[in-house]
Amino acid sequence: MVQQVISANELHKIDPVFGQLSFDDHEQIVFCNDKDTGLKAIIGIHNTVLGPALGGTRMWNYANEWEALNDALRLSRGMTYKSAITGLNLGGGKAVIIGDAKTQKSPELMLRFGEFVHSLSGKYITAEDVGMETSDMDLVRTVTPYVTGISESIGGAGNPSPITAYGVFMGMKAAAKFKFGTDVLEGKSVIVQGIGHVGESLVEHLTNEGANVIISDINEARLEEVSKKYNATIYRGKDLYSEAVDIYAPCALGATINNNTIINIQAKVIAGAANNQLANEKVHGQMLQDKGIVYAPDFLINAGGIINVYAELENYGKAEIMRKTENIYNTTLEILSNAEANSITTHQAALNLAQSRIDARKKENLNS
Ligand code: NAD
């Protein structure tokens, strides 16, 4: 039999959901539609072996529905590994709402979304992601208990972004220790791409430590504001990847490490908050390794946010949140050393550790 080679472009025509490039044995994918509010959302539940699938909701003006579906698939899978490597009893899920958060988000739309989350009876628990505010989660909380990241005034752990930034800072320090022999970032040049909720907080940590911080964003007003506040340099060039900096911190959207950018990347360390930084985990993880660039896996070092919201479910306080987040430093060093010792990419080493925890629990569950 002649085996037919199917191009990526043709694949989605044959298997619209299970054949998607980002499909990775996801347990459930829920399409939510509400004509009255204009809600179009996709909830991806990747794996619930370790616990309910927890992950934020992203509202984004996707170019098309394929893009939204693939984002939900990729992001929910990332959450499975993030919680597993962090030692949390949570599975991986994520929701995307199709639309512009600035112009299309309304209280009615958020409430309707909350009702869809509620209909899953706790199999998926939501939180905020890009395009969402704590106040949106507070609204969702009025129709379902299956939401985290709510305000402290109503029993939540508050905005997770500062904790995420602290975890990224810890991961960055560990990666610096591995690459430069010291985790002191004073004098190191760091380019932060995306100075939103997490990016700004990271800029603050870096500035306090005495790093030379360069910031980049598509939002000019934010650039001016953050630059003024922390005396950070605004990047005005055409290709930030080719900038000769010590560290590149992707804190905007994913897939910025790809065929086009890797050839130009001058940074010696990559450590940032964005989810799914590698456009292709295997190919681009290997390319970074070949170039001698130390890559701190995104799902490992940006886990501060989930540690923070997990506190709402497990009722632990700020001290434990900080302890767990600080531990990202140790896990990052462990992963980087393991990758070097086994001649595998840092991303693969992190996946292996996370997967081993899921496999062990699956075995336990089968035997019980
Ligand atoms: P945010 O929406 O507050 O900030 C994103 C920023 O990136 C915005 O200022 C936006 O203008 C900017 N941006 C968008 N496209 C850009 C581009 N091409 N170049 C430069 N800047 C660009 O989001 P956030 O909460 O700060 O999250 C940032 C990233 O970290 C996201 O990928 C998110 O999924 C991830 N993350 C966030 C958390 C959290 O706790 N908020 C946790 C884990 C991971």
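Remember, it's 1-based here, ligands and their atoms both numbered in the order they're listed.
- In this view, Lys229 and Glu200 satisfy the salt bridge (Lys or Arg N to Asp or Glu O under 4.0 Å) rule, not counting sequence neighbours.
- Under the ring pair (Phe, Tyr, Trp, His ring centres under 6.0 Å) criterion, no residue pair touches residues 250-275, with sequence neighbours excluded.
- In this structure, Lys188 forms a cation-pi arrangement with Phe180, its terminal cationic atom sitting closer than 6.0 Å to the ring centre and no more than 45° off the ring axis.
- For Phe299 and His347, the ring centers sit closer than 6.0 Å to each other.
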Contacts table for ligand 1: protein N or O within a distance under 3.5 Å of ligand N or O, distances only.
{"residue": "ligand 1", "atom": "3 (O)", "partner": "His197", "partner atom": "N", "Å": "2.9"}
{"residue": "ligand 1", "atom": "3 (O)", "partner": "His197", "partner atom": "ND1", "Å": "2.7"}
{"residue": "ligand 1", "atom": "9 (O)", "partner": "Asp217", "partner atom": "OD1", "Å": "3.4"}
{"residue": "ligand 1", "atom": "9 (O)", "partner": "Asp217", "partner atom": "OD2", "Å": "2.7"}
{"residue": "ligand 1", "atom": "11 (O)", "partner": "Asp217", "partner atom": "OD1", "Å": "2.6"}
{"residue": "ligand 1", "atom": "26 (O)", "partner": "His197", "partner atom": "N", "Å": "3.1"}
{"residue": "ligand 1", "atom": "26 (O)", "partner": "Val198", "partner atom": "N", "Å": "2.8"}
{"residue": "ligand 1", "atom": "30 (O)", "partner": "Ala273", "partner atom": "O", "Å": "3.3"}
{"residue": "ligand 1", "atom": "32 (O)", "partner": "Ala252", "partner atom": "O", "Å": "2.7"}
{"residue": "ligand 1", "atom": "34 (O)", "partner": "Arg58", "partner atom": "NH2", "Å": "2.8"}
{"residue": "ligand 1", "atom": "34 (O)", "partner": "Asp129", "partner atom": "OD1", "Å": "3.0"}
{"residue": "ligand 1", "atom": "34 (O)", "partner": "Asn275", "partner atom": "ND2", "Å": "2.9"}
{"residue": "ligand 1", "atom": "40 (O)", "partner": "Thr164", "partner atom": "OG1", "Å": "2.7"}
{"residue": "ligand 1", "atom": "41 (N)", "partner": "Ser161", "partner atom": "OG", "Å": "3.2"}

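- Ring geometry for Tyr316 versus Tyr310: interplanar angle over 60°, hence perpendicular rather than tilted (30 to 60°).
- Listed by first then second residue, pairs satisfying ring pair (Phe, Tyr, Trp, His ring centres under 6.0 Å) with a partner in residues 221-269 read Tyr241-Tyr248, not counting sequence neighbours.
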